[in-house]
2 protein chains.
Amino acid sequence: MTRWLDEDEQRTWRKFMTATQLINEALDRQLQRDAGMPHTYYVILVRLSEAPGRTMRMSELATRAQSSQSRLSHAVARLEERGWVRRERCPDDRRGNFAVLTDEGYAALAAAAPGHVEEVRRTLFDVLEPQQVRELDEICSAVIHAADPNTREGERETVVRRP
Amino acid sequence: MTRWLDEDEQRTWRKFMTATQLINEALDRQLQRDAGMPHTYYVILVRLSEAPGRTMRMSELATRAQSSQSRLSHAVARLEERGWVRRERCPDDRRGNFAVLTDEGYAALAAAAPGHVEEVRRTLFDVLEPQQVRELDEICSAVIHAADPNTREGERETVVRRP
DNA sequence: CCAATTTAGTTGAACTCTCATATACTTAGG
DNA sequence: CCTAAGTATATGAGAGTTCAACTAAATTGG
């Protein structure tokens with residue numbers, strides 16, 4: 001038997017989809033307009049910038065940037081064309097590749113970050129009470145844990161960070 | 001001065017992105033696998049199914065399905081190819097078009113709905129306490145209101161409904 | 001009543017994402 | 001060892017999205 005949503009759940013669900021979509025679209029528009037990249041690329045650059053030597057294995061970068069390996073591979077190809085990332089062959093495991101954030105890539109990230117953080121604040125944190133932010137945190141933890149119980153907290157995350 | 005995120009905000013933000021992305025990916029995978037359509041198409045069909053005569057102006061459908069006009073136009077073109085939607089010229093306003101949900105489209109929606117609702121429950125409602133669902137509702141209201149203060153509640157919403 | 005503007009909708013190109021497949025290397029088993 | 005299975009990544013095709021035109025019709029303001 002299908003467990004249909006009741007009226008209240010229905011409303012909440014629709015609002016949830018609306019709200020998350022509004023935020024995502026705002027982020028993508030802002031980054032595309034001001035930094036010429038989609039949000040997914042921004043996340044890749046952030047993750048790389050946090051890695052020791054600004055270098056990471058493709059597969060680990062995919063995990064950390066919440067990307068499929070295929071998506072990451074295509075994305076890195078584009079980022080390479082712009083000179084923001086470079087691939088390096090991995091000596092230990094000759095199947096492997098490192099992605100390396102170039103200085104230009106770092107500069108692009110540094111230039112993009114303030115506008116992006118501002119958008120994150122405008123769309124989310126500025127509109128919530130501190131208590132609501134804590135509640136949202138809990139809610140997201142529950143969702144993540146249910147969807148992917150094996151993932152350690154902090155491993156699958158998306159990012160804004162001061163470069 | 002950039003208002004950077006502090007540690008806690010950072011963590012919450014990353015979790016939020018992770019959680020919403022996990023849900024969206026789960027929904028898209030489920031619908032693609034079991035019903036051969038992306039979630040955006042599902043939403044279009046739901047909105048149409050709720051309209052009087054299963055008919056709506058393209059621009060209103062775009063608003064209600066949270067779609068750009070261009071995206072909707074492309075999507076309806078695809079849905080037409082499958083015979084799920086049909087366009088009708090609008091007599092009052094000869095610029096306008098109606099989108100009409102066909103019986104086949106309705107059947108496809110009815111077939112897809114149970115699996116979709118189940119996925120919505122699995123990924124969201126089943127993992128939250130009733131209190132958290134209420135909190136989430138409030139949070140989403142705040143986000144929507146801030147992003148788009150002109151929109152009446154209930155107008156920009158996304159959907160699961162018993163067909 | 002007509003020119004200027006706005007509104008409704010479509011279209012094509014460029015881009016990203018997904019999915020399936022291919023390639024090359026590594027590890028395990030016998 | 002040597003083959004079978006598994007891992008790391010790349011690639012190409014197909015599909016959806018965005019953005020910037022573009023068409024056509026309606027509205028507005030002299």
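Letters A, B, ... are given to chains in the order of the sequence lines, protein chains preceding strands, and every chain is numbered from 1. If you're wondering where the values come from, they're calculated on a predicted model, not measured in any experiment. Excluded from the calculations below are hydrogen atoms, water molecules and symmetry mates; all remaining heavy atoms, backbone and side chain alike, are included.
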* To do: For B/D93 and C/dT10, give me the distance from atom CG to atom C1', rounded to whole Å.
  => 15 Å
* B/Q69 CD to D/dT18 C1': how many Å, rounded? -> 14 Å
Hey, can you pull the donor-acceptor pairs under 3.5 Å for the side chains in residues 68-75 of chain B, sequence neighbours left out?
unit_1: B/S68; atom_1: OG; unit_2: B/R71; atom_2: N; d: 2.9
unit_1: B/R71; atom_1: NH2; unit_2: B/Q66; atom_2: O; d: 3.0

* To do: Quick one: label A/R33 by what it contacts on the DNA or RNA (base, sugar-phosphate, nothing), any heavy atom closer than 4.0 Å.
  => nothing
* Measure from CD on B/E81 to P on D/dG14 and round the result to the nearest Å. => 14 Å
* Please determine if a side-chain N or O atom of B/N97 lies less than 4.0 Å away from the OP1 or OP2 oxygen of C/dT10. => yes
* To do: Please identify each residue that fulfils side chain to side chain donor-acceptor pair (under 3.5 Å) with B/R33, with sequence neighbours left out.
  => none
* Send over the distance from B/L72 CG to D/dT17 C1', rounded to a whole Å. => 13 Å
* Asked: Whole-Å distance between D/dT18 C1' and A/M37 CE?
  -> 18 Å
* With A/R78 via salt bridge (Lys or Arg N to Asp or Glu O under 4.0 Å) - residues at least two apart -> none
* Structure fact -> In whole angstroms, the gap separating C1' of D/dC19 from CG of A/L31 amounts to 17 Å
* **Those residues that, when tested against B/E60, pass salt bridge (Lys or Arg N to Asp or Glu O under 4.0 Å) (two or more places apart)** => B/R64
* To do: Whole angstrom is fine here: how far is it from CD in A/E88 over to P in D/dT9?
  => 14 Å
* C/dG9 C1' sits how many Å from B/E60 CD, rounded? -> 15 Å
* Within less than 4.0 Å of OP1 or OP2 of C/dG9, is there a side-chain N or O belonging to B/S73? -> no
* Structure fact -> A/R3 meets the salt bridge (Lys or Arg N to Asp or Glu O under 4.0 Å) criterion, sequence neighbours left out, with B/E118, B/D126
* **Side chain B/E9, main chain B/D6, donor-acceptor under 3.5 Å** => yes
* Please answer whether the main-chain N or O of A/A65 pairs with a side-chain N or O of A/S67 as donor and acceptor at a distance below 3.5 Å. => no
* How does protein reach along nucleotides 14-24 of chain C, written 5' to 3' as B (base within reach of a heavy atom under 4.0 Å), S (only sugar-phosphate), or - (no contact)? -> --BSBB----B
